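Just follow the structure's listing: the first ligand is 1, and inside any ligand the first atom is 1. Please read these numbers as outputs of a predicted model, since none were measured by experiment.
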Amino acid sequence: MKKVLLLVISLNIVSCLLAEDGYRLWLRYDKVDNTILLQQYRSQINAVIINGSSPTIAVAKNELFAGLQALLDKKVFETKEIKSNTIVIQRKAAGIIDTRIVNYDDLGQEGFAIFTVKGNVKNVIVITANTDIGVLYGVFQFLRLLQTQQNITELNISESPKIKLRILNHWDNLNRSVERGYAGISIWNWHTLPGYIDQRYIDYARANASIGINGTVLTNVNANAQILTKTYLEKMAALANTFRPYGIKVYLTARFSAPVEIGGLKTADPLNEEVKDWWKRKADTIYQFIPDFGGFLVKANSEGQPGPQNYQRTHADGANMLADAVAPHGGIVMWRAFVYSNETPTDRFKQAYDEFKPLDGQFRKNVMVQVKNGPIDFQPREPFHPLFGAIPKTPIVMEFQITMEYLGQGTHLVYEAPLFKECLDADTYTKGKGSTVAKVVDGSLDNNLISGIAGVANIGNERNWTNHPFGQANWYAFGRLAWDHTLSSARIADEWIKQTFSNNKSFVNEVKGIMLASRQIMVNYMTPLGLHHIMGTGHHYGPAPWVSNAGRADWNPVYYHKADSAGIGFDRTVSGSNALSQYSPEVSAQWSNLNNCAEEYLLWFHHVPWKYKMKSGKTLWDELCYKYNAGVDSVRWMQKTWEKMKSLIDEERFKQTKMFLSIQEKDAAWWRNACLLYFQTFSRRPIPSNYEKADHSLEYYKALRFQFAPGNGNSF
Ligand code: BDP
């Protein structure tokens, strides 16, 4: 009896140890499961030569040994001698292999080359770079090759990032709540810092370095001045020290009124000498704690945050004052263009452009303006923001939202790479055809010296970091696109699936199919044909197109869809708000004519009659019914496809994803029912009888309340 019990207990322990809890992300390094390839790799890799000894090289070495030994399931030795079947790590001119074939100029500060040495020795692979961090990136790329089961016999790879600053923005509060966070509380445990360095901080840095992310803003854009006090700077320094070997700089959000709140000054006027001096001294102190501090991210005069306009100064006055404070230390200021005001009578779409366009050329060299991908707010689909290409003298940081505030809040499977790509690939035409948003962002269009891209993080203290197992794909995709925006969504999905789940062909293909379709599916069941901003107020969870009583007009869904008995949609042509005039004529021409406007943007730009004939031949109303239903049906297709994957991966993540898909299916039907029943009160047309009937009345959906939905303000 005792024996049986012991056996049961030990089996349980074993299965616990083997449980796939998702913590390892895409850095799992499980033994290569293709036996032929495994044999090849094993014979090709016996030993490693490491040249260098910096903390970053130490990290590269640990990662390489841990990765190789686990993937190949054999001991790999460190050696000093060149023999066949060896991997060599060396910086330019710092090792024993002739690396003259590498064009180091092309690699820059962060790039790397991986190549197979030709000559008498067999299978010698060199990973090289100008810098230690380049070497580390090369090591991660090499491990990615093995994890995705690539042939490594004739390597000749050379890569460098297209965008210089590749940054995560954490909207984390000091009390560990996370604004728009759906994966638990903040991973920064300020209470136990600086003394306690959680292993998670190290694994966070590893994961980021593996995809080339080189900066992190630790705190919420709705900032708290306390982070600038010495108590917190000390804690922050501990994080900065942990991240440094991984090439990750830390940044902070600066609360504009900090000189008043924690500095005892009477004003935060950016032109006031005392205020300028306060920030200078503050910057000096920060750099004493963190010599390579990256700089500030600022949300000013937006949604109630203080800013220079409180003192009748411009955004440029505010940004320049902070820029002067950090400039002597090499820091930068990322000033957000997410500004709109209820008091300004113009269409919210237009306000950031109106505010920032006239300031082009007035910013210091170390100021970047951070612009969200679209003009409203991270909606399932937005046209690109008209500021891209419009302020050529000012470098722009692209801001994407990885966390899924408007995309199902961490329970829907939505792969965001196609959304990111759609924006990056859009043509602004500001310097003729081919002036893509990506070229604005990477600085190549306007010859900017700095360039940046930021993703609002979806990371929390959930064991698997992102709550939904597929949330990890969005973190991964953001990093990969920040490194190289020409990578396709399919290629990134392919890599991620293989590293995260399995190299099994049918698994990879089926799951990639789901991922690539998922964004459009979500658009269909939430906001088809260019609808936008029709979600619940405050928490932003679920549909609420009927809301008309929010504190500000521009927070009301009715402001955006404008449904009435004549039709639906926001007229942004000359006959309406004329927001289209903010784009180049070529772009505006694409969307301004109702009859040739791409249908996915239709209701962004036109108020369209219910009976309008769509390309399909259906009326607008029928098309809307069709899209909403197609969205729900497609989620059911995703569920069925996932069901077929059961035997191909671990039970834990199979089940988690299955449960989330079933939440997604219910939510999709809820969106469809609530939106169609509500819009029907205007269209006064029947929902075609071949579609599933709503399971509740409109009144029922209107009465739903979500007082404790996560991510809302400072509440948990
Ligand atoms: C919106 C969020 C809000 C953020 C704001 C911002 O709802 O919580 O503070 O954006 O980006 O998407 O500043």
Visitor: Flag this pair as yes if the NZ/CZ of Lys562 is under 6.0 angstrom from the six-membered ring centre of Tyr560 and inside a 45 degree cone about the axis; otherwise no.
Guide: no
Visitor: Please list all pairs meeting salt bridge (charged side-chain N to carboxylate O under 4.0 Å, His left out) that have one or both residues in residues 527-548, counting only residues at least two apart or in different chains.
Guide: none
Visitor: Could you list all the salt bridge (charged side-chain N to carboxylate O under 4.0 Å, His left out) pairs where at least one residue sits in residues 532-547, not counting sequence neighbours?
Guide: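 Residue pairs with at least one partner in residues 532-547: there are none.
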Visitor: Can you name the closest pair of heavy atoms from Pro270 and Pro308 and give their distance?
Guide: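 Closest approach of Pro270 to Pro308: CG-CB, 3.9 Å.
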Visitor: How would you list, by chain and number, the residues with a heavy atom under 4.0 angstrom from ligand 1?
Guide: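 Within 4.0 Å of ligand 1, protein side: Trp171, Glu179, Arg180, Val221, Asn222, Lys299, Glu303, Arg336, Phe338, Lys372, Asp377, Glu405, Tyr406, His540.
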Visitor: Could you list all the salt bridge (charged side-chain N to carboxylate O under 4.0 Å, His left out) pairs where at least one residue sits in residues 394-408, not counting sequence neighbours?
Guide: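 The answer is Arg180-Glu405, Arg336-Glu399.
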Visitor: With a 6.0 Å cut-off on ring centres, are His561 and Tyr678 close enough?
Guide: yes
